[in-house]
Amino acid sequence: MNEEILHIENLSVNYDKTAVLWDISLSVPGGKLIGIIGPNGAGKSTLLKASMGLVSPITGKVEFYGKPFKKVRDRIAYVPQRSSVDWDFPVTVFDVVLMGIYGKLGFFKWPKLAHKEAAKQALEKVGMLAFAGRQISQLSSGQQQRVFIARALLQEADVYLLDEPFAGVDMATEKTIITLLDKLKAEGKTIFVVHHDLTCVDKYFDWVIMLNTCLIASGPVEDVFHAENLMRTYGKSAILLDEAAKLSQTKSAGL
């Protein structure tokens with residue numbers, strides 16, 4: 001699948017007077033599982049938010065399928081960081097997942113039985129059907145993340161934007177999430193994932209966007225995820241360079 005899904009041109013975003021993203025230009029083809037990596041404050045989450053118009057750029061444009069986000073928003077699902085969600089809001093797991101269908105229903109329309117069955121199926125896919133009636137504040141961080149991914153699945157989108165889905169989750173949840181993402185990719189979906197763990201970038205993703213306010217690199221993992229770009233992205237950190245060396249050795253060994 002070679003269709004260009006995301007096109008960003010000369011995108012710059014400031015918070016107050018501080019540059020968070022500066023002159024970002026890139027294109028990403030469809031059917032990829034894309035990792036967005038960089039140090040804290042590099043603009044990774046801002047890139048997703050600017051793509052959806054949640055923050056306003058000072059320059060530049062973003063297009064999905066050659067159109068602004070607002071014209072294709074029904075094809076795009078977003079999973080925010082857990083820290084941005086009010087987990088004390090009095091709502092059940094099932095209700096949260098069912099919210100994923102409201103954007104397509106429109107105003108003054110209620111979910112039908114088919115929508116509720118689809119919500120149950122989405123919960124089953126993430127292993128959370130048994131928790132459908134539980135209040136969301138009673139869940140662990142990993143369970144909360146699974147619920148929000150189930151909500152995104154219910155949207156049946158073509159593009160998924162996930163902001164740190166692996167943060168604070170256990171290994172079982174991480175395995176469940178990456179398995180689901182692989183299945184979505186196999187169905188031709190395009191998935192963007194803000195990610196921190198460099199040790200699994202070449203295992204999880206086939207495309208990577210490397211940021212540090214400016215764009216360092218964007219392309220297939222085997223082409224751009226190497227020691228030189230890691231040093232440009234993160235600086236001269238001995239630990240990160242050691243990780244990069246190990247990754248390079250692993251690739252050379254064909255493991």
Q. Say you draw a straight line from OG1 of Thr190 to CZ of Phe64; how long is it, rounded to the nearest 0.5 Å?
A. 10.0 Å
Q) With a 6.0 Å cut-off on ring centres, are Phe205 and Phe225 close enough? A) no
Q | Reference residue Ile149; test side chain to side chain contact (heavy atoms under 4.5 Å, CB included); the match among Thr173, Val126, Val97 | A | Val126
Q: Just do the side-chain contact (heavy atoms from CB on, under 4.5 Å) check on Lys116 and Phe94 with the steps written out, would you?
A: CA-CA 9 Å; Lys116 295 179 180 180; Phe94 185 77; 3.9 Å; yes
**Q.** Check: Thr233 side chain, Met210 main-chain N or O, donor-acceptor pair, under 3.5 Å
**A.** no
Q: Would you mind telling me which of Val201, Ile216, Asn229 makes a side chain to side chain contact (heavy atoms under 4.5 Å, CB included) with Ile37?
A: Val201
Q: Decide whether a cation-pi geometry holds between Arg75 and Tyr65; the criteria are a distance under 6.0 Å from NZ or CZ to the six-membered ring centre and an angle within 45° of the ring axis.
A: yes
(Q) Quick check on Trp207: does its CH2 atom have over 12 non-hydrogen neighbours (other residues, nucleotides or ligands) under 6.0 Å away? (A) yes
Q.
Check whether Ser12 reaches the backbone of Asp23 with its side chain - one donor and one acceptor, N or O, closer than 3.5 Å.
A. yes
Q) Is a side-chain N or O of Lys185 found less than 3.5 angstrom from the main chain of Ile191, in a donor-acceptor match? A) no
(Q) Quick one about Ser45 and Asp163 (side-chain donor to acceptor, distance below 3.5 Å, no hydrogens or angles considered), yes or no? (A) yes
Q. Hey, are the side chains of Leu162 and Phe148 touching, using non-hydrogen atoms and a 4.5 Å cut-off?
A. no
Q. Is there a donor-acceptor contact under 3.5 Å from the side chain of Lys44 to the main chain of His195?
A. no
